[in-house]
Amino acid sequence: MEKTTLTSREDFERVMLRMLNPLKPYYSEGGAQLKIGYTSAHYPDESAWMEGFSRPLWGLAPFWAGGGRNPEFEALYRKGLVSGTDPKSPEYWGTCEDYDQRLVEMASLAYTLLIAKEKIWEPLAEQEKEQIVRWLNEINHNRCCDCNWRFFNVLVNVALKKLGMPYSGEEMQSSLDFIESCYIGGGWYVDGENGQADYYIPFAMEFYGIIYAMAMKDEDPERCRRYLDRAETFGKDFVYWFAEDGSALPYGRSLTYRFAQVAFYSACIMAHIEPLPLPVMKGIIVRHMDYWLNQPIFDHAGLMTIGYCYPNLQMTESYNAPGSPYWAMKTFACLALPKEDPFWACEAAPLPWMESQKYLEKADMIIQRRGDGNVVALPGGRTLSHIHTHTEEKYAKFAYSTQYGFSVMRSPMNFGEAAPDSVLSFEVLGHIYMRGQAQNYTVTEDKVLSDWSPVPGIQVHTEIIPTPNGHKRIHIVDSNYDCKAYDAGFALPLGSPEGCVVRCLQGEGSEKLLKPDPNTNLIHSKTVIPVVEYEIHRGKNMLETEVQY
C-alpha cells in the first residue's frame, strides 16, 4: 500500500476496507471460516480459521456502528455467525475447552453485538439467535487464562445481558474481581500474574475497560467511571512510547498485531475521553497509520502478513496464525463515531511537549526521547520465567528503540545466529548466552540496576545510566571461565551502519562490527551490530561501556 494521510471518516473507511476486501475470496462457503495461509499456531487449524473469521470484526463493528455500509460483509458475517454456531453445520466451531483459543475470538463477536447488533443480530431468526447464545455461553463453562483473557468473559456476558439473553453474572463478577487485582496504580495494570506492562495494557486491559464503561454506565457507574479515569491517566504516560514519525516502541510480545499499538487512543476517541487533546490523539493515530502503511506488511494479494516491519515468522509467538495480525483492526474503533463528530473535522496536531528523559514507574522503564526522533526505552528486565516465544529478547534487553527495533535469536550456536543486540552476551561452552530471567532489578529516575546470570558459573551486576547522548553500562562480572563477552548496541541497517556507537571505557575491550543472520531484526532485514568485545578472565571483571545514539 502506498503512503496516505488520513483525515476524514471516509479516509479511515477506505483504508480499512482496502485491508479487509482482499479477504473476501478466502471465506468458506458457509462464511464461518477464513483460511489465508498454511502456517500453524499451537491451537487446532479449525480454531485458527475461526480466528480469521472473527478478527476483522474489530474493524467492521465500529464501521457499521458509525453508519458504514458494506452489504457483502454484512451478509457474510450473518451467514458465518449462524453456520459457525450450528452443531449441524460442517463449519460448526465446536464446543470449547479450558483455555481455548475460541474463547479469545468470542470477544470481537461480543463487541459487534454490543455496538452493531442491527447488522448481524436483529435480522436473524429466533432459533438462530438461540444457537448463537448457547455457543457464546461456552465461555461460562470453560476457564479463561488469568490475564487479559478474563475480559473476554466480561464482554461476552455484557453482550448477552444487553441482548436480554441468558448470561452468568457470577462468572462476570469473578472476572471483574480478577481484573481489579491486576491494577497497580497510576492508570496501569499488569497482564495477569505472568504478565507485565506491555502492549496488552493499552490494546487489551484499557481497551476492554473502555468498552465495558460505554456499555455498562447505567448498571455499574462507579466501576465505569473508574475504568475511564484510569484510561485518562494511562494515556498521559503511554504517549511516551510514540515517536514523531508515527512509530511506536517495539517492545514485548504480540508485535505482529502492528498498528494495534495505537488502538487505545482510538478507543478513547470512541468513548469521548481525552487523556490528551483530541487533535493530539488524532495526530498520533494518523502518523502511526502512515508509518505502517509505508511498510511492506501486506503480500501481493493484499493480505496482512505475520511479522513486524516485513514478513517474518522468526519473531512470532506460538499463538500467531495467518489470521492473527488482523487484531490490528482494533485501531479502527474511532469509526464508531458518526461523520458529524468533531474528531473527523479537527486537524491532526503534533505530539505534545514531553520530557527528554521520563521515568515511567509503573512500566519499570526509563524513556529517552532523542532530538532525531528516536525513542529509546531502558527497562528493568524480567524476573518471571520464560512464558512465550523469545520472551528474553522481547523483555530482557538493555534498550529498545523505535528506530532500530530489536533482534531475536535464531540459535545460540554463534554470534550471527544469536544476534544479541543491546545486551551483554557471553561466548562460553560453545554457545552464546545473554540475560534472560533476572534475579532482581530496580528502576529509578536516573538508573537501572539488575543482577543476573546468563549461565551457571557467571554472575553479573549491571548498572544502566542514561546520558545526554545515550547511556553508560557498568558491569561487574564474576566468572568461573576465561571467555569472551560482547556488549552490543542497536542492530543497524546494513549499508548505513551509523546511528549507534559503542566504546570501551574500562576493561580489556575492542570495538567491532558484527554481522548477524538476516531476518533476525524486527525492523531491518539485514543488519550489523556494533559491539565491544571484552576478554573475560576467571574471577572479578570490571567492564564499562558507553553507548551513543
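Remark: Lys129 engages Glu126 in a salt bridge, criterion side-chain N to carboxylate O under 4.0 Å. Taking 4.0 Å as the cut-off between side-chain N and carboxylate O, Lys88 and Asp86 do not count as a salt-bridged pair. For the pair Glu138 and Arg143, the salt-bridge criterion is not met [side-chain N within less than 4.0 Å of a carboxylate O]. Ion pairing between a basic and an acidic side chain is recognised when a charged N comes within 4.0 Å of a carboxylate O; Glu105 and Arg55 show such pairing. Comment: Glu97 does not engage Arg102 in a salt bridge, judged by the lack of any side-chain N to carboxylate O separation of less than 4.0 angstrom. A salt bridge does not link Lys217 to Asp220: none of the charged side-chain nitrogens sits closer than 4.0 Å to a carboxylate oxygen.
Neither side chain, Tyr99 nor Asn142, offers a donor N or O lying under 3.5 Å from an acceptor on the other. For the residue pair Asp177 and Gln173, a side-chain donor N or O sits within less than 3.5 Å of a side-chain acceptor on the partner. A donor atom on one side chain and an acceptor atom on the other are found under 3.5 Å apart for Ser8 and Asp11. Looking at Thr5 and Arg287, their side chains never bring a donor and an acceptor atom within 3.5 Å of each other. A donor atom on one side chain and an acceptor atom on the other are found under 3.5 Å apart for Asp421 and Ser407. Thr389 and Glu317 are not linked by any side-chain donor-acceptor pair at a separation below 3.5 angstrom, with hydrogens and angles left out of the test. Remark: the Gln196 side chain and the Arg382 side chain contain an N/O donor-acceptor pair separated by less than 3.5 Å. Side-chain contact of Tyr43 with Glu51: a donor-acceptor pair under 3.5 Å is present, judged by distance alone.
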**Study point:** Worked verdict on Lys339 versus Glu10 for salt bridge (Lys or Arg N to Asp or Glu O under 4.0 Å)
**Key:** CA-CA 8 Å; Lys339 61 182 180 180; Glu10 290 75 17; 5.7 Å; no
Review point. Can you check ring pair (Phe, Tyr, Trp, His ring centres under 6.0 Å) on Tyr319 and His388, steps first, answer last?
Key: CA-CA 9 Å; Tyr319 54 83; His388 295 290; 5.3 Å; yes
Exercise for review: Please lay out, stage by stage, how Lys362 and Asp237 fare under the test salt bridge (Lys or Arg N to Asp or Glu O under 4.0 Å).
Suggested key: CA-CA 9 Å; Lys362 300 302 181 181; Asp237 275 356; over 6 Å; no
Review point. Could you go step by step and tell me if Tyr183 and Trp188 meet the ring pair (Phe, Tyr, Trp, His ring centres under 6.0 Å) rule?
Key: CA-CA 6 Å; Tyr183 185 65; Trp188 289 78; over 10 Å; no
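In this structure, Tyr200 and Trp327 have tilted ring planes: the angle between them lies in the 30° to 60° band. Under the 30°/60° scheme for interplanar angles, the aromatic rings of Tyr111 and Trp58 are found to be tilted.
Ile139 contributes atom CD1, which lies 7.5 Å from atom CG of Asn157 (distance to the nearest 0.5 angstrom). In this structure, Leu360 CG and Phe238 CZ are separated by 11.0 Å, a value rounded to the nearest 0.5 Å. The distance from the OH atom of Tyr251 to the OG1 atom of Thr402 is 15.5 Å, given to the nearest 0.5 Å. If you take CE on Met214 and SG on Cys224, they are separated by 11.0 Å, rounding to the nearest 0.5 Å. Residue Tyr227 holds its OH atom at 5.0 Å from CZ of Arg223, rounded to the nearest 0.5 Å.
Taking all atoms of both residues into account, the shortest heavy-atom contact from Leu81 to Phe53 is N-CZ, 3.8 Å. When all heavy atoms are compared, the tightest approach of Ala32 to Trp93 is O-NE1, 3.0 Å. Residues Pro325 and Thr305 come closest through the heavy atom pair CG-O, 3.5 Å. Considering all non-hydrogen atoms of both residues, Met315 and Leu255 come closest at CE-CB, 4.0 Å. For the pair Ser83 and Gly30, the tightest heavy-atom approach, listed with the atom from each and the gap, is OG-O, 2.8 Å.
The residue from Leu17, Leu23, Val15, Asn21 that alone fulfils the side-chain contact (heavy atoms from CB on, under 4.5 Å) condition with Met19 is Val15. Tested against Phe264, the residues Phe242, Phe234, Tyr208 include a single ring-ring contact (aromatic ring centres under 6.0 Å, His included) partner, Phe234.
Partners of Trp121 under the ring-ring contact (aromatic ring centres under 6.0 Å, His included) rule, at least two apart in sequence or in another chain, do not exist in this structure. The ring-ring contact (aromatic ring centres under 6.0 Å, His included) search around His386 returns none, not counting sequence neighbours.
Judged purely by atom type and a 3.5 angstrom limit, Thr520 uses its side chain to pair as donor or acceptor with the backbone of Asp517. Of the possible polar contacts, one joining the Asn312 side chain to the Asn519 backbone as a donor-acceptor pair under 3.5 Å is found. No side-chain donor-acceptor contact under 3.5 Å links Ser175 to the backbone of Asn153. Under a 3.5 Å cut-off, the side chain of Ser174 and the backbone N or O of Glu171 do not form any donor-acceptor pair. The backbone N or O of Pro338 lies less than 3.5 Å from no partner atom in the side chain of Asp341, so there is not a single donor-acceptor pair. Of the possible donor and acceptor atoms, one in the side chain of Ser108 sits under 3.5 Å from a partner among the backbone N and O of Ser54. Using a distance-only test at 3.5 Å, with no hydrogens or angles considered, no donor-acceptor pair links the side chain of Asp146 to the main chain of Gly192. Side chain of Tyr265 to main chain of Val239: a donor-acceptor pair is present (N/O by atom type, distance under 3.5 Å, no hydrogens or angles). Under the 3.5 Å distance criterion, the side-chain polar atoms of Ser168 are left unmatched by any main-chain donor or acceptor of Asn140. Judged by distance alone, the side chain of Lys330 and the main-chain N or O of Gln261 form no donor-acceptor pair under 3.5 Å.
Stacking of Lys394 on the aromatic ring of Phe406 is not recorded, the 6.0 Å distance cut-off and the 45° axial limit not both being met. Figure legend: Arg253 and Tyr199 shown without cation-pi pairing, the cationic atom not lying both under 6.0 angstrom from the six-membered ring centre and within 45 degrees of its axis. Taking the centre and axis of the six-membered ring of Tyr77, the NZ or CZ atom of Lys119 falls outside the cone set by 45° and 6.0 Å.
The ring of Trp292 has its center closer than 6.0 angstrom to the ring center of Tyr308.
Under a cut-off of 6.0 angstrom, the local environment of NZ in Lys526 is sparse, with at most 12 non-hydrogen atoms contributed by other residues, nucleotides or ligands.
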Got a list of side-chain donor-acceptor pairs under 3.5 Å for residues 35-42, not counting sequence neighbours?
none

